[in-house]
A.B. asks: 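Here it is: the structure, laid out below.
Just so you know, these numbers come straight off a predicted model, no measurement behind them.
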Amino acid sequence: MTPFEYVTVLISIILGLGITQIVTGVADLVHQQERVKIYWPHLLWVVIIFVLHIQEWWATFELRQFDSWRLPTFLLVVLYPINLFILARLLFPLGISNEEIDLKEFYFENFKKIFGWAIILPLLSLINNIFIIGHSFQEEIVQVLLPFILLAMIRQKTQREILHKILAVLFLSMLIISMIVTWNSSLITK
């Protein structure tokens with residue numbers, strides 16, 4: 001077993017647990033659909049966090065270039081999947097109840113927690129990309145801006161629904177655009 005294979009096992013398990021949380025959460029909502037009031041910005045965040053899980057698993061292949069690892073490096077790398085898992089869990093109401101599940105109400109009660117944990121993602125990505133992968137700071141402008149946008153949303157005094165809708169669409173658009181822009185660099189070959 002190579003060091004890469006050894007290290008990526010735990011990363012894959014954590015990402016798999018996060019994906020399981022999302023898929024289970026969606027299945028629970030579908031199973032209880034007669035009691036669920038859908039809120040599309042919430043569903044966009046579910047899609048965003050799901051795609052980020054898959055994207056992180058895909059990007060983990062870049063780590064194959066390292067032939068020796070130290071525990072602090074691994075701990076830094078594994079924090080991103082752990083954070084994704086926490087976000088996946090925060091996206092869904094706890095437990096099954098017989099009451100109506102209003103995802104708009106749930107979203108506005110919990111968006112500060114979700115955004116608070118989401119702020120950590122681009123910061124971890126920035127640190128990993130610069131210090132582990134070797135990207136330049138200039139390539140990481142998006143990771144610098146995202147925490148400020150999310151922090152501004154957390155600190156707003158009113159819960160302007162239009163801003164949340166715009167933000168969800170903006171983040172999903174940025175995710176799609178980043179996949180298009182990095183299309184060729186996202187290629188896995190021998």
Side-chain angles (χ1 to χ4, degrees), residues 1-31 42-96 103 106-107 110-135 139-140 142-144 146-147 149-151 154 168 171-172 174-176 178-179 182 185-189:
M1 178 181 285
T2 68
F4 169 72
E5 293 169 335
Y6 181 76
V7 164
T8 57
V9 168
L10 185 56
I11 293 169
S12 296
I13 289 170
I14 295 167
L15 291 171
L17 289 170
I19 291 169
T20 301
Q21 287 291 320
I22 293 169
V23 174
T24 302
V26 170
D28 287 346
L29 295 177
V30 169
H31 181 67
H42 173 265
L43 293 181
L44 284 186
W45 282 107
V46 170
V47 169
I48 290 165
I49 300 303
F50 177 78
V51 171
L52 286 174
H53 274 81
I54 301 298
Q55 187 180 49
E56 177 63 12
W57 177 76
W58 195 262
T60 299
F61 193 68
E62 283 187 61
L63 301 175
R64 74 189 180 287
Q65 63 188 331
F66 297 113
D67 54 4
S68 56
W69 282 81
R70 298 207 187 302
L71 184 58
T73 306
F74 175 71
L75 289 173
L76 182 60
V77 169
V78 81
L79 284 176
Y80 192 91
I82 289 170
N83 197 46
L84 280 174
F85 171 83
I86 292 168
L87 277 166
R89 187 63 203 104
L90 290 174
L91 286 173
F92 297 96
L94 291 172
I96 298 175
L103 290 179
F106 174 81
Y107 173 84
N110 293 285
F111 83 89
K112 289 184 180 186
K113 280 188 269 184
I114 294 167
F115 288 5
W117 283 93
I119 286 171
I120 299 169
L121 288 176
L123 296 175
L124 289 171
S125 179
L126 178 71
I127 293 167
N128 281 326
N129 289 347
I130 291 175
F131 295 108
I132 295 173
I133 304 298
H135 293 174
E139 295 175 280
E140 306 301 316
V142 172
Q143 281 84 348
V144 172
L146 290 179
I149 294 169
L150 290 168
L151 189 58
I154 290 172
F171 270 56
L172 184 59
M174 287 175 25
L175 192 55
I176 292 168
S178 76
M179 286 190 285
T182 61
S185 64
S186 297
L187 182 64
I188 293 181
T189 60

A.B. asks: Which donor-acceptor pairs under 3.5 Å do the side chains of residues 85-95 make with protein atoms, sequence neighbours left out?
C.D. replies:
unit_1: R89; atom_1: NE; unit_2: Q21; atom_2: OE1; d: 3.4

A.B. asks: Please name the pair of heavy atoms, one in L84 and one in H53, separated by the smallest distance, quoted to 0.1 Å.
C.D. replies: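 Heavy atoms of L84 and H53 come nearest at O-CE1, 3.2 Å.
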A.B. asks: Show the nearest heavy-atom pair for residues G116 and I154, with the distance to one decimal.
C.D. replies: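 It is N-CD1, 3.5 Å.
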A.B. asks: Can you measure from NZ (K112) to CG (L151) and round to the nearest 0.5 angstrom?
C.D. replies: 11.0 Å
A.B. asks: With sequence neighbours left out, what residues match T24 under side chain to side chain contact (heavy atoms under 4.5 Å, CB included)?
C.D. replies: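 Result, side chain to side chain contact (heavy atoms under 4.5 Å, CB included) vs T24: T20, D28.
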A.B. asks: Closest approach of A168 and I48, non-hydrogen atoms and distance?
C.D. replies: O-CD1, 3.7 Å
A.B. asks: As an exercise, state the distance from CG of L29 to CG of L103, rounded to the nearest 0.5 Å.
C.D. replies: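 Those atoms lie 5.5 Å apart.
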A.B. asks: Rounded to the nearest 0.5 Å, what's the gap from CG on N128 to CG on L79? Could you check?
C.D. replies: 8.0 Å
A.B. asks: Is the shortest heavy-atom distance from the side chain of W58 to the side chain of Q55 under 4.5 Å?
C.D. replies: no
A.B. asks: Return the set of residues passing side-chain hydrogen bond (donor to acceptor under 3.5 Å, both in side chains) with N129 (not counting sequence neighbours), or none when no residue passes.
C.D. replies: S125, E140
A.B. asks: Identify the two heavy atoms, one from I132 and one from L76, that lie closest to each other, and give their separation to 0.1 Å.
C.D. replies: CD1-CD2, 3.7 Å
A.B. asks: Report yes or no: does N83 contribute a side-chain atom to a donor-acceptor pair with the main-chain N or O of W117 at less than 3.5 Å?
C.D. replies: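 Yes, N83 side chain to W117 backbone: donor-acceptor pair under 3.5 Å.
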A.B. asks: Checking K113 now: which residues fulfil side-chain hydrogen bond (donor to acceptor under 3.5 Å, both in side chains) with it, not counting sequence neighbours?
C.D. replies: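 Once residues adjacent in sequence are excluded, the partners of K113 under the side-chain hydrogen bond (donor to acceptor under 3.5 Å, both in side chains) criterion are N110.
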A.B. asks: Check the pair F171, W45 against ring-ring contact (aromatic ring centres under 6.0 Å, His included), reporting the backbone distance first and the verdict last.
C.D. replies: CA-CA 9 Å; F171 270 56; W45 282 107; 5.2 Å; yes
A.B. asks: Which residues satisfy the ring pair (Phe, Tyr, Trp, His ring centres under 6.0 Å) test with F106, sequence neighbours excluded?
C.D. replies: H42
A.B. asks: Take F66 and W69 through the test ring-ring contact (aromatic ring centres under 6.0 Å, His included) and record every step on the way to the result.
C.D. replies: CA-CA 7 Å; F66 297 113; W69 282 81; 5.6 Å; yes
A.B. asks: Got a second to check how far L124's CG is from I82's CD1, nearest 0.5 Å?
C.D. replies: 9.5 Å
A.B. asks: Flag the pair V51 / L172 as yes when at least one side-chain heavy-atom distance between them is below 4.5 Å, and no otherwise.
C.D. replies: no
A.B. asks: Atom CD1 in I54, atom CD1 in I22: separation rounded to 0.5 Å?
C.D. replies: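 Output value for this atom pair is 8.5 Å.
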A.B. asks: Could you give the side-chain donor-acceptor pairs of residues 7-16 under 3.5 Å, partners two or more places apart or in another chain?
C.D. replies:
unit_1: T8; atom_1: OG1; unit_2: F4; atom_2: O; d: 2.9
unit_1: T8; atom_1: OG1; unit_2: E5; atom_2: O; d: 3.3
unit_1: S12; atom_1: OG; unit_2: T8; atom_2: O; d: 2.9

